[in-house]
Amino acid sequence: MKSHTNSQSSVHNSVVEKDAQCVMQTYGRQPIVLSKGAGSRVWDVNGNEYIDCVAGIAVNNIGHCHPKMVAALKVQAEELIHVSNLYYTEAQAKLAEELVNVTGMDRVFFCNSGTEAVEAAMKLARVATDKTDFIAVENSFHGRTLGSLTLTYKDLYRKPFRPLVQGESFVPYNNSQAIADAITENTAAVVMEPIQGEGGIIVPSDSYLKEVRQICDDTGTLLIFDEVQTGFGRTGEWFCKDHSGVEPDIMTMAKALGGGFPMGAIAAREGISFGRGEHAATFGGGPLACAAALASIEVIREEKLAQRSKEIGEYFRNKLENMSLDDVVEVRGRGLMLGVEFNRNCADLVDHGRENGILLNCTSENVLRIAPPLVITKEEIDQVVAVLEQA
Ligand SMILES: *Cc1c(COP(=O)(O)O)cnc(C)c1O
């Protein structure tokens, strides 16, 4: 594959300059300005093409600018963009019914992002149990607002913002006894990702989730699965919980829910619900977001993307496992949520990938996270692995 040009267009330079001057510098951005996407490819303003193994961080599951998504947004935008939850809309009712069907839960509440979904789940757990405390697990990531940050493990993210919401404790992941030992009479809920994403693509044992479910049942504690990153076909099933058959009491969704349009939601089992006035979001479940989510769900279903994620994920995983690189410790994950752990920081591989037409992301410093659109082809996967092998 041809190496990418390093000479930058004036558009590139002006964007980077404006960002440096006007945007709070919270992000360590890759030095490219993206302007177009289709399927599993994106293009920068210099005309370079990339195979996207990031997918907006597990967001673009149906690929970039899927024609059905574009059409649905256009149609809805010409009819109604926003009203308010003071009124009903057809799009919201339809999506609620779809989500109840695909999650197997009883009711949903709509918001706009992953962190908001976690906030909603925390409020719901408190109001449903009349208890205050949460047990989360080490290396968890649940978001950056004050409530969800309380359940996010990394001290780097938490420390400057204390005091957070009170009543959290962290126990090792994949150790059910630690949860049993940590539950008290004040514990409202146990919260976890069924596969940890930001924490480095950590897959727990099959029995772990079942044991945690049993412990929660025995103690009257709610179980919250954060499926923000694992949802909508990413791991080879509609939701990661479906691999284990373990049903949470509350689950969170966001990232791929709107197929790229910002949206979040929680779903809860029968008997667990907000009452009138207990929670609200101005933009939650707006017509445009709901139209996007409906289109995305339709594409996942029609193109059998969950099944595809399972099959093509296995192909990808095999190729990664057989890669001729010495410093690989382990390849892990499920479906197209894959992690390659190195015995060193792998930021240089992200640069190498980008310079050779592959977008990659490194999480937890030494784990290459691979989460491409679920429409990625075997030929594209071969190209990705070939570039990694040249490193
Ligand atoms: C990304 C993520 C969040 C936060 O979502 P935002 O939309 O960035 O607020 C929460 N939980 C998990 C598991 C995530 O991966």
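Quick note: numbers below take in every heavy atom, side chains included, and nothing from hydrogens, waters or symmetry partners. Read the numbers this way: they start at 1 and go in the same order the structure lists the ligands and their atoms.
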Considering only heavy atoms of Thr115, which atoms of ligand 1 have at least one such atom less than 4.0 Å away?
->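 Once the distances to Thr115 are compared, the set is 4 (C), 5 (O), 6 (P), 9 (O).
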
Short list, please: which atoms of ligand 1 are under 4.0 Å from a heavy atom of Asp226?
->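 That gives atoms 10 (C), 11 (N), 12 (C), 13 (C) of ligand 1.
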
[Y] and [X], any side-chain heavy atoms less than 4.5 Å apart:
| X | Y | result |
| --- | --- | --- |
| Ser309 | Arg234 | no |
| Leu388 | Leu320 | yes |
| Tyr173 | Ile202 | yes |

For [atom], which of [options] has the closest heavy atom?
| atom | options | result |
| --- | --- | --- |
| atom 10 (C) of ligand 1 | Glu116, His142, Glu119 | His142 |
| atom 1 (C) of ligand 1 | Lys255, Gln229, Glu193 | Lys255 |
| atom 7 (O) of ligand 1 | Ala58, Ser148, Gly114 | Gly114 |

Aromatic Tyr315 / basic Lys378 pairing, under 6.0 angstrom, 45° off normal =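 Cation-pi check for Lys378 and Tyr315: passes.
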
From Val299, Ile297, Leu374, Val375, residue fulfilling side-chain contact (heavy atoms from CB on, under 4.5 Å) relative to Ile62 |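 It is Val299; the other options fail the test.
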
